[in-house]
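Structure record follows, encoded as structure tokens.
Naming convention: chains lettered A, B, ... in sequence-line order (proteins, then strands); numbering from 1 in each chain.
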Protein chains: 2
Amino acid sequence: MSQAKLDHSPEAAPSKARLRLWLKLLKTSAGIETELRRRLRDQHATTLPRFDVMSALSRNPGGLKMSQLSQFLRVSNGNVTGIVDRLTEDGLALRVAVPGDRRAQVARLTPAGVAEFARLAAEHEAWIDELLAGLALEDINEMTALLEQIQPAAPAGDAT
Amino acid sequence: MSQAKLDHSPEAAPSKARLRLWLKLLKTSAGIETELRRRLRDQHATTLPRFDVMSALSRNPGGLKMSQLSQFLRVSNGNVTGIVDRLTEDGLALRVAVPGDRRAQVARLTPAGVAEFARLAAEHEAWIDELLAGLALEDINEMTALLEQIQPAAPAGDAT
DNA sequence: AATATAAATTTCAAGCTTGAAATTGTTTTG
DNA sequence: CAAAACAATTTCAAGCTTGAAATTTATATT
């Protein structure tokens, strides 16, 4: 019979390889995210959550209900409440009553918000270009395809 | 001469492909991270930051200075202060004075912390196995290799 | 219509995170 | 050795994040 296997056996190795991949994946995305946060803060006095909300509102000029916004961004309702509050204080967003339903409100960018986001988005794209410069175009598409195969429990409102 | 290029031209496409990769990368790691946080909370009444600190201390039975801990985890000093405070309140970690230097302290796991982390780590590895089940072993190694090529500004204390 | 159920949002407490300021202790240097 | 420079840590305010509870409004059921 086959002996009990050690860590280097074919049975144990895949688990370690997956763990290694996860740590690398996490480290890479956390590293990029940290750099984006730093640049948003230092160069534009804003934050990633604010950028994300503005980005979602930018794609929906008609506005998004608070609940749609939180589903789209996959964060809690209470979370977007606070972020939209602060964007509103800064004149970048506003809340509009929904005609048929007095419970609901739609968040929209103000003209100032639209202009500000245009600036941020251009910078953001350039930053990503720079931060992913290490990968050949071929590798870019290769990795994107591989990532498609990982499907962590990600139900509803999937806007890839 | 060549005309001005549109978005689908060879010059514009790579930038969009990189942006797409970044969004996918972020979404994938955020999805896995959210699931890990949920399981740590629901099944073990703990958090990812606590797990990370315990993991670092577990690899260093002799303890780590607060500053070493924050460098290793790439978070601020003030951050680890709070997490170690809470682990200490729960009897999972403790601070030990450093002989030569009265400013410094070393954080260590208590025996209860060691035991608790053993449980958590086993679960964690199984979860990663499950969450990355969509990828063949071949793809695992392929993606790990590709991730190596992305190097976001990541100086000092690099413990991959 | 009165009641119950459901839905949209906000409020809240607790923890995480950061960068800057404050503390305390060490080392260097004039 | 006193002063200045440096180092390790904690404290702090502000923002992010969550899940649960509370509000307010809408819809469905008796």
Legend entry - NZ/NE/NH1/NH2 to OD/OE distance under 4.0 Å, Glu125(B) and Arg18(A): no

Inset, instruction - Taking only Lys NZ, Arg NE, NH1 and NH2, and the carboxylate oxygens of Asp or Glu, determine whether Arg86(A) and Glu89(A) approach each other closer than 4.0 Å. - result: no

Legend entry - For DNA chain D, the residues among residues 53-61 of chain A that have a non-hydrogen atom under 4.0 Å from it: none

Inset, instruction - Please list, by residue number, the residues of residues 91-107 of chain A whose heavy atoms come closer than 4.0 Å to an atom of DNA chain D; answer none if no residue qualifies. - result: Asp101(A), Arg102(A), Arg103(A)

Inset, instruction - Check whether any side-chain nitrogen or oxygen of Ser67(A) sits under 4.0 Å from OP1 or OP2 of dA8(C), and answer yes or no. - result: no

Legend entry - All pairs passing side chain to side chain donor-acceptor pair (under 3.5 Å) where residues 92-106 of chain A contributes a residue, at least two apart: Asp85(A)-Arg95(A), Asp101(A)-Arg103(A)

Inset, instruction - Only counting residues at least two apart or in another chain, list the ones meeting side chain to side chain donor-acceptor pair (under 3.5 Å) with Glu33(B). - result: Arg37(B)

Legend entry - Set of side chain to side chain contact (heavy atoms under 4.5 Å, CB included) partners for Val96(B), sequence neighbours left out: Leu94(B), Arg108(B)

Legend entry - Any pair counted as salt bridge (Lys or Arg N to Asp or Glu O under 4.0 Å), so long as it reaches residues 49-71 of chain B, sequence neighbours left out: Arg50(B)-Asp90(B)

Legend entry - Atom pair distance, as rounded to whole Å: CD in Gln71(B) and C1' in dA7(D): 12 Å

Enumerate the protein-to-nucleotides 15-18 of chain C contacts in which both atoms are nitrogen or oxygen and the separation is below 3.5 Å.
residue : atom : partner  : partner atom : Å
dC16(C) : OP1  : Thr47(B) : OG1          : 3.0
dC16(C) : OP2  : Arg86(B) : NE           : 2.3
dC16(C) : OP2  : Arg86(B) : NH2          : 2.2
dT17(C) : OP2  : Asn79(B) : ND2          : 3.4
dT17(C) : O5'  : Asn79(B) : ND2          : 3.2
dT18(C) : OP2  : Ser76(B) : N            : 2.8
dT18(C) : OP2  : Ser76(B) : OG           : 3.3
dT18(C) : OP2  : Asn79(B) : ND2          : 3.2

Inset, instruction - Tell me whether Leu21(A) is reachable from Leu21(B) by hopping between hydrophobic residues (I, L, V, M, F, W, Y) whose side-chain heavy atoms are closer than 4.5 Å. - result: yes

Legend entry - Which residues share a ring pair (Phe, Tyr, Trp, His ring centres under 6.0 Å) with Phe51(A), sequence neighbours left out: Phe117(A), His124(A)

Inset, instruction - Return the value, rounded to whole Å, for the distance between atom CG of Leu40(B) and atom C1' of dG19(D). - result: 16 Å

Legend entry - ring pair (Phe, Tyr, Trp, His ring centres under 6.0 Å) contacts touching residues 76-99 of chain B (sequence neighbours left out): none

Dump the pairs, protein N or O against N or O of nucleotides 1-4 of chain C, anything under 3.5 Å, distances to one decimal.
none

Inset, instruction - Sequence neighbours left out, what pairs pass side chain to side chain donor-acceptor pair (under 3.5 Å) with at least one residue falling in residues 130-140 of chain A? - result: Arg39(A)-Glu130(A)

Inset, instruction - For Ser76(A), check side chain to side chain contact (heavy atoms under 4.5 Å, CB included) against everything at least two apart and list the hits. - result: Asn79(A)

Inset, instruction - Indicate the atoms forming the closest heavy-atom contact of Ile83(B) with Pro49(B), along with that distance. - result: CD1-CB, 3.7 Å

Inset, instruction - Report the distance from atom CD of Gln68(B) to atom C1' of dA7(D), rounded to the nearest whole Å. - result: 13 Å

Legend entry - Nearest-angstrom distance from the residue atom CG of Leu69(B) to P of dT10(D): 11 Å

Inset, instruction - Specify the closest pair of heavy atoms between Val106(A) and Gly62(A), including all atoms of both residues, with the distance to one decimal. - result: CG1-O, 3.7 Å

